[in-house]
Amino acid sequence: MLQIQIIRKDPEEVIRLLAFKKFEARDIISDILRCDEDRRKLQKQVDEQLAESNLIARQVGEMMKSGRAAEAAPLKEKSAGLKAGIKNLETELATLEETQFRLLVQLPNLPHPDIRPGGHAEDNEIVHSEGRMPDLDDQALPHWELAAKYQLIDFELGSKISGAGFPVYKGQGARLQRALVSLFLDEAVAAGYLEIQPPLMVNEASAFGTGQLPDKDGQMYHATADNLFLIPTAEVPVTNLYRDLILRQDELPVKNAAYSACFRREAGSYGKDVRGLNRLHQFDKVEIVQIQHPDRSYETLEEMREHVAGLLRKLELPFRILKLCGGDMSFTSAWTYDFEVYSAAQQKWLEVSSVSNFETYQSNRMKLRFKGDDGKAQLAHTLNGSALALPRIVAALLENHQTGEGIRIPPALQAYTGFEMIR
RNA sequence: GGAAAGAUGGCAGAGUGGUCGAAUGCGGCGGUCUCGAAAACCGUUGUCCGCUUUUGCGGACCGGGGGUUCGAAUCCCCCUCUUUCCGCCA
């Protein structure tokens, strides 16, 4: 959620930057400003009335104490008369506050000024590219066929017990999952992240805090009996750990890493992109989260980007890093790098990680602050990234490392799988 | 699922209708003392909103919402959560 102060200060700049995200904000902004003005005017009125009422109450108190109860009667009456008016004003104020909030929540985060405007994939800038493209022969198979051939993943069985998009991993396939999770967690811990094992279900306040509600309502599985949501990413519970907190400046940066299963309804996405592991309702992911001082959050973003790149190197996968254009970034992000791994057998790039700086957008919702040197509380910046999401990594590993004898496991992973080849 | 107790400032914990944003202790910060540190002593120490924007003024907040009253942390109602006991159980 954007801070009202920023909109008040320079509404034209907000409109200009939101246009980078292909968001036409002019109407909402003018509604917000009008509402804000009304709200402040009303706030002043309410405060004045309350001040008067407080004064009378104090005077009555004095009289009661000094035994002049009779004199208090007219004051009591006056105060009682004020009451109805105050109540009406307060109700009106609450309505305005709610309206303003409802409007504010509709605005996406401002992209950083260095973000390119645009709304198409072609507007994304390839900022880095590395790794050797595998030259596979004509017999190269896509991962869903490899998964069947080596009995690693059973999609049909998953459909039977749950539905499409819930794969069952078996044998070396299951072991590969566990190995990747362990590798990713160990790397994160080595990089200074605190390992967290969060709940997989969260309440409404948490879903709101990181921006899943109301923006992505309908994308989460909702357990209505208890009003809990299955997490779409560990970002949600982990970032919300710090909701409503005022950290000390010397506690920054907070670095947390968490493995979790992730659940996404993916309502409305069907078609060729959903084949195999490309798009699932349940998948595993290790997420890294940082809470950082606003002055250093972009250094931190680069650090996180380098961490993710290191993982892909260990897995010996060719990858590229995209700096997303405004229109391709998420609602809540100010700056996003996407990592894509080349899938040789599908002959396309698969998104395997997304590393973002949300600046104060999440922290403003969550009231996540820190106390600076001046003793004043201010909003912290939040960042997160996948490090990494498993399914497309598994897809790329299977496809890129397939050989005539089987699928080669990169050395860094062998310690975790306990085998060098999938046969 | 049943029963009971509870929710107060960073933490612990007092406060049962008026001067309570709230005692006290711990912690934090500043100072005295010291070569320095500890101890001791003194002072200080919440968040949000509005107006002024330098000092300042007003308002709100004692889990959340509503009510009673001139006046609520304190009384009443509803909700949420926590703890303990019983039941069930990986």
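What you are looking at is a predicted structure, and each value in this text was computed from that prediction instead of being measured. Protein chains get the first letters and strands the later ones, always in sequence-line order, with residue 1 at the start of each.
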**Student:** Measuring only the P atom in each nucleotide, how far is B:C76 from B:C57? A whole number of Å is fine.
**Tutor:** 37 Å

**Student:** Between A:E302 and A:Y337, do the side chains contain an N or O donor and an N or O acceptor separated by less than 3.5 Å?
**Tutor:** yes

**Student:** If you measure from the P atom in B:G59 to the same atom in B:C11, how many Å do you get, rounded?
**Tutor:** 27 Å

**Student:** Could you please name the partner base of B:A14, counting Watson-Crick and G-U wobble pairs only when both distances are under 3.5 Å?
**Tutor:** none

**Student:** Say you pick atom P in B:U74 and the same atom in B:U68; how far apart are they, in whole Å?
**Tutor:** 15 Å

**Student:** Between A:Q362 and A:T239, do the side chains contain an N or O donor and an N or O acceptor separated by less than 3.5 Å?
**Tutor:** no

**Student:** Taking atom C1' in both B:C51 and B:G66, what distance in whole Å separates the two?
**Tutor:** 30 Å

**Student:** Tell me the interatomic distance from A:L93, atom CG, to B:C48, atom C1', rounded to whole angstroms.
**Tutor:** 13 Å

**Student:** To the nearest Å, give me how far apart CD (A:Q49) and P (B:C51) are.
**Tutor:** 17 Å

**Student:** What integer number of Å spans the P atoms of B:A73 and B:A60?
**Tutor:** 10 Å

**Student:** If we call it a pair only when both distances are under 3.5 Å in a Watson-Crick or G-U wobble match, what pairs with B:A23?
**Tutor:** none

**Student:** What I want to check is whether the side chains of A:N227 and A:E204 have a donor and an acceptor closer together than 3.5 Å.
**Tutor:** yes

**Student:** By the 4.0 Å heavy-atom rule, please label A:R39 as base, sugar-phosphate, or nothing.
**Tutor:** sugar-phosphate

**Student:** What is the base-pairing partner of B:G71, counting Watson-Crick and G-U wobble geometry with both distances under 3.5 Å?
**Tutor:** none

**Student:** Could you work out which one of B:C70, B:G59, B:G50 sits closest to the side chain of A:Q43?
**Tutor:** B:G50

**Student:** Taking atom types as they are modelled, is there a donor-acceptor pair under 3.5 Å from the base of B:G58 to the side chain of A:D47?
**Tutor:** yes

**Student:** Using a heavy-atom cut-off of 4.0 Å across all strands, would you classify A:R58 as base, sugar-phosphate, or nothing?
**Tutor:** nothing

**Student:** Which label fits A:F331 and A:Y361: parallel for a plane angle under 30°, tilted from 30 to 60°, or perpendicular past 60°?
**Tutor:** perpendicular

**Student:** Determine the Euclidean distance between corresponding C1' atoms of B:G1 and B:G87; express it in Å to zero decimal places.
**Tutor:** 7 Å

**Student:** For A:K44, is there an ion pair with A:D47 - N to carboxylate O distance below 4.0 angstrom?
**Tutor:** no

**Student:** Have a look at A:K367 and say if it touches a base, only the backbone sugar-phosphate, or nothing, with a 4.0 Å heavy-atom cut-off.
**Tutor:** nothing

**Student:** Select base, sugar-phosphate, or nothing to describe what A:L50 touches, counting heavy atoms under 4.0 Å on all strands.
**Tutor:** sugar-phosphate

**Student:** Just call it for A:A72: base, sugar-phosphate, or nothing, with non-hydrogen atoms closer than 4.0 Å on any strand.
**Tutor:** nothing

**Student:** How far does the P atom of B:G31 sit from the matching atom of B:A38, given to the nearest Å?
**Tutor:** 12 Å

**Student:** In this structure, how many angstroms lie between the P atom of B:C70 and the NZ atom of A:K87, rounded?
**Tutor:** 16 Å

**Student:** Going by atom types alone, do A:D328 and A:H120 pair a side-chain donor with an acceptor below 3.5 Å?
**Tutor:** no

**Student:** If I take atom CG in residue A:L245 and atom P in nucleotide B:G10, what distance separates them, rounded to the nearest angstrom?
**Tutor:** 11 Å

